[in-house]
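All remarks here apply to the structure that follows.
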Protein chains: 2
Amino acid sequence: MSPRKGLDMPTIVEAAAQIADASGVEEVTLASLAQKLGVRSPSLYNHVNGLGGLRVQLAIYGLKKLTAAVTDSLQDKTGDDAMHAIAAAYMAFARAHPGLYELTLRSPDDGDAEYAAASALLVDLLVQTLSYYDLDREKSIHIVRGFRSYLHGFASIEQKGGFGMPIAVDESIRLVLQTYLIGLRHS
Amino acid sequence: MSPRKGLDMPTIVEAAAQIADASGVEEVTLASLAQKLGVRSPSLYNHVNGLGGLRVQLAIYGLKKLTAAVTDSLQDKTGDDAMHAIAAAYMAFARAHPGLYELTLRSPDDGDAEYAAASALLVDLLVQTLSYYDLDREKSIHIVRGFRSYLHGFASIEQKGGFGMPIAVDESIRLVLQTYLIGLRHS
DNA sequence: ACTATAAACTAATACCATTAGTTTTTCAAG
DNA sequence: CTTGAAAAACTAATGGTATTAGTTTATAGT
């Protein structure tokens with residue numbers, strides 16, 4: 001009706017995230033998003049820099065939400081407890097928000113400062129948690145990379161249906177992390 | 001010129017893989033592929049079941065090529081040597097064929113038998129290599145999942161430019177795998 | 001009350017996948 | 001050697017997509 005619908009960035013990004021989680025990443029188009037918002041698709045250009053810009057915003061939004069979920073899971077845990085809590089929270093997020101999670105790891109090389117900042121926040125959280133283990137600076141970086149890779153690998157492969165067998169993935173995650181942490185102590 | 005260009009599946013899939021690696025996954029369209037092959041895009045439907053079918057073929061092709069590269073790297077190595085060789089070959093493949101690698105992990109739930117078989121072959125290779133460590137059957141499955149996740153996580157994150165810092169990723173891979181294997185021995 | 005701006009709109013373009021229907025070449029059977 | 005059928009190319013058309021240009025309208029601030 002009225003030419004002012006009161007759209008703003010949060011509304012748009014959240015609607016897009018809902019489409020991504022409910023119907024898959026490739027279903028989030030400017031057309032489907034505009035329809036969901038009761039608007040014509042060119043109107044979205046007043047708020048977002050095309051489909052590419054929308055994806056960047058989704059990546060930032062998802063990364064912040066993921067970091068918040070992981071942070072919440074930590075409470076005052078430290079050491080192995082903290083590591084397992086992070087892994088559980090990370091996987092829970094990826095399962096609850098499959099589309100949004102996928103978009104999170106999608107922003108490429110384009111130097112978006114806000115995305116870089118959000119990404120750094122998550123890495124910082126991991127680095128701080130790992131400080132419990134008294135690693136030297138360089139080794140700490142390697143181990144954090146390994147932890148991130150392991151988390152993303154599990155989340156990504158599970159999402160594509162790559163773990164065919166019915167043996168519980170959660171148990172795999174627990175055991176693999178435990179193995180990694182034992183190795184960390186004996187090195 | 002002549003209405004018979006002699007196209008066949010291998011030619012088509014290899015051309016598509018070249019586009020994927022050179023220009024990125026989203027650039028492999030029936031339009032760009034047809035142009036590269038000197039053909040009109042509807043002609044491709046005589047060989048491939050649309051864009052979706054092409055992607056399935058690319059996933060199979062990439063998986064086979066990846067498995068072959070990993071197999072070649074093994075020679076007669078066993079134990080830690082074999083594990084490090086696999087990791088190095090896996091990463092080398094992902095770096096040499098970024099687009100094809102990305103497509104490899106993309107075939108979803110649709111029950112394509114050939115894709116499932118190719119995927120099982122790679123997993124078998126990992127299982128066999130891990131048999132060196134004398135794990136019981138269930139634990140072996142968990143550890144293989146962890147290894148795969150770790151490999152895919154590193155490959156995927158590196159490809160998206162996620163490891164900002166200039167510290168060598170190869171060293172991270174080596175150290176993280178070493179840590180994992182130490183943990184395996186002490187558990 | 002007026003005006004400038006922001007946010008919506010319509011219209012148009014270009015690209016993409018896909019389907020339908022047509023032509024042409026090749027290959028094999030008579 | 002001819003002929004006929006099937007395979008592989010083609011053209012034409014449709015519907016969906018992003019994006020740009022130009023227009024209208026509501027709103028917020030003077």
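Here is how names work: the chains are called A, B, and so on, in the same order as the sequence lines, proteins then strands, and each is numbered from 1.
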List in chain and number order the residues that pass side chain to side chain contact (heavy atoms under 4.5 Å, CB included) with B:T78, two or more places apart in sequence or in another chain; answer none if no residue qualifies.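 Result, side chain to side chain contact (heavy atoms under 4.5 Å, CB included) vs B:T78: B:Y132.
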
Does B:L7 offer a backbone N or O that forms a donor-acceptor pair with the side chain of B:T11 under 3.5 Å?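 A pair under 3.5 Å: no.
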
Any Lys/Arg nitrogen of [X] or [Y] sitting under 4.0 Å from an Asp/Glu carboxylate oxygen of the other?
X: B:R95; Y: B:D170; result: yes
X: B:K139; Y: B:D134; result: no
X: A:E14; Y: A:K65; result: no

Value in whole Å for how far the [atom2] atom of [N] lies from [atom1] of [X]:
X: A:H47; N: C:dA8; atom1: NE2; atom2: C1'; result: 8 Å
X: B:N46; N: D:dA6; atom1: CG; atom2: C1'; result: 11 Å
X: A:E27; N: D:dG16; atom1: CD; atom2: C1'; result: 12 Å
X: B:R40; N: C:dT22; atom1: CZ; atom2: C1'; result: 15 Å
X: B:E26; N: D:dA18; atom1: CD; atom2: P; result: 15 Å
X: A:L33; N: D:dT19; atom1: CG; atom2: P; result: 12 Å
X: B:I12; N: D:dA8; atom1: CD1; atom2: C1'; result: 11 Å
X: A:L7; N: C:dC9; atom1: CG; atom2: C1'; result: 13 Å

When you look at CG of B:N49, are more than 12 heavy atoms from neighbouring residues, nucleotides or ligands closer to it than 6.0 Å?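 No, because the 6.0 Å sphere around CG of B:N49 holds 12 heavy atoms or fewer from other groups.
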
Indicate, with yes or no, if the rings of A:Y90 and A:F154 have centres closer together than 6.0 Å.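 Here the rings of A:F154 and A:Y90 have centres that are no less than 6.0 Å from each other.
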
Between B:Y101 and B:H97, does the ring centre distance come in under 6.0 Å?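 Ring centroids of B:Y101 and B:H97 are no less than 6.0 Å from each other.
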
Strictly below 4.0 Å, heavy-atom distances to any atom of DNA chain C: list the hits from residues 15-24 of chain A, or just say none.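 Correct list: empty, so none.
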
Among the nucleotides C:dC9, D:dA9, C:dA7, which one has an atom lying closest to any side-chain atom of B:S43?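 The closest nucleotide is D:dA9.
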
List every contact pair, protein side and nucleotides 14-19 of chain C side both N or O, where the distance is under 3.5 Å.
| unit_1 | atom_1 | unit_2 | atom_2 | d |
| --- | --- | --- | --- | --- |
| C:dA17 | OP1 | B:L30 | N | 2.7 |
| C:dA17 | OP2 | B:L30 | N | 3.3 |
| C:dA17 | OP2 | B:A31 | N | 2.9 |
| C:dT18 | OP2 | B:Y45 | OH | 2.6 |
| C:dT18 | OP2 | B:L51 | N | 2.9 |
| C:dT18 | O5' | B:Y45 | OH | 2.9 |

Shortest non-hydrogen separation from B:G99 to B:D21 and the atoms involved: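 Of all heavy-atom pairs spanning B:G99 and B:D21, the closest is N-OD1, 2.9 Å.
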
